Amino acid sequence: MAINLVEEVLKHNDDEVIEYLSTIVAGIRAVHMTAAKNQDPAFLYTATGDVSEAYAILKALDRRNKERKLK
């Protein structure tokens, strides 16, 4: 059985989700800074998974919050 990371993350409260996303984005920023410093844009591809993960979590969090407002 596969683990759905987005569903698992959204089981946590907003503060915990924000902390998790902050960690992911800090890693993405570090990759970006290294790529810029080394003038190696190909290095940015190493952050693709993290960018996709952060986007999926933010999208689901937004959807969840909109659903809560409708209730």
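Everything quoted here is computed from the prediction, not taken from an experiment.
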J.: Can you give me the closest heavy-atom contact between Val31 and Ala47, atom names plus distance?
T.: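 In terms of heavy atoms, the two residues are closest at CG1-CB, 4.0 Å.
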J.: For residues Leu61 and Asp14, determine if any side-chain heavy atom of one lies less than 4.5 Å from a side-chain heavy atom of the other.
T.: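 Of all side-chain heavy-atom pairs linking Asp14 with Leu61, at least one is under 4.5 Å.
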J.: Is there a path of hydrophobic side-chain contacts, each under 4.5 Å between heavy atoms of I, L, V, M, F, W or Y residues, that connects Val51 with Val9?
T.: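 Per the 4.5 Å side-chain linkage, Val51 and Val9 are co-clustered.
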J.: What pairs of residues pass the salt bridge (charged side-chain N to carboxylate O under 4.0 Å, His left out) test when at least one of them lies in residues 2-12, not counting sequence neighbours?
T.: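 Qualifying pairs, neighbours excluded: Glu8-Lys11.
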J.: Is there a path of hydrophobic side-chain contacts, each under 4.5 Å between heavy atoms of I/L/V/M/F/W/Y residues, joining Ile28 to Leu5?
T.: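 Cluster IDs for Leu5 and Ile28 match.
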J.: Which atom pair, heavy atoms only, marks the closest approach of Ala60 to Leu10?
T.: CB-CD1, 3.3 Å
J.: Would a 4.5 Å heavy-atom cut-off, applied to side chains only, mark Lys66 and Asp62 as touching?
T.: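 Yes, side chains in contact.
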J.: Taking side chain as C-beta onward, heavy atoms only, is Tyr20 less than 4.5 Å from Val17?
T.: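 Heavy-atom side-chain distance check fails, nothing below 4.5 Å.
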J.: Residues in salt bridge (Lys or Arg N to Asp or Glu O under 4.0 Å) with Arg63, at least two apart?
T.: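 Arg63 satisfies salt bridge (Lys or Arg N to Asp or Glu O under 4.0 Å) with no residue once adjacent residues are dropped.
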J.: Within a 6.0 Å radius of atom CD on Glu16, are there more than 12 heavy atoms belonging to other residues, nucleotides or ligands?
T.: yes
J.: Take atom CZ of Arg64 as the centre, draw a 6.0 Å sphere, and report whether it contains more than 12 heavy atoms from other residues, nucleotides or ligands.
T.: yes
J.: Specify the closest pair of heavy atoms between Asp50 and Ile24, including all atoms of both residues, with the distance to one decimal.
T.: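 Looking at all heavy atoms of both residues, the closest pair is O-CG2, 3.6 Å.
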J.: From Ile18 CD1 over to Leu58 CG, what is the distance, rounded to the nearest 0.5 angstrom?
T.: 9.5 Å
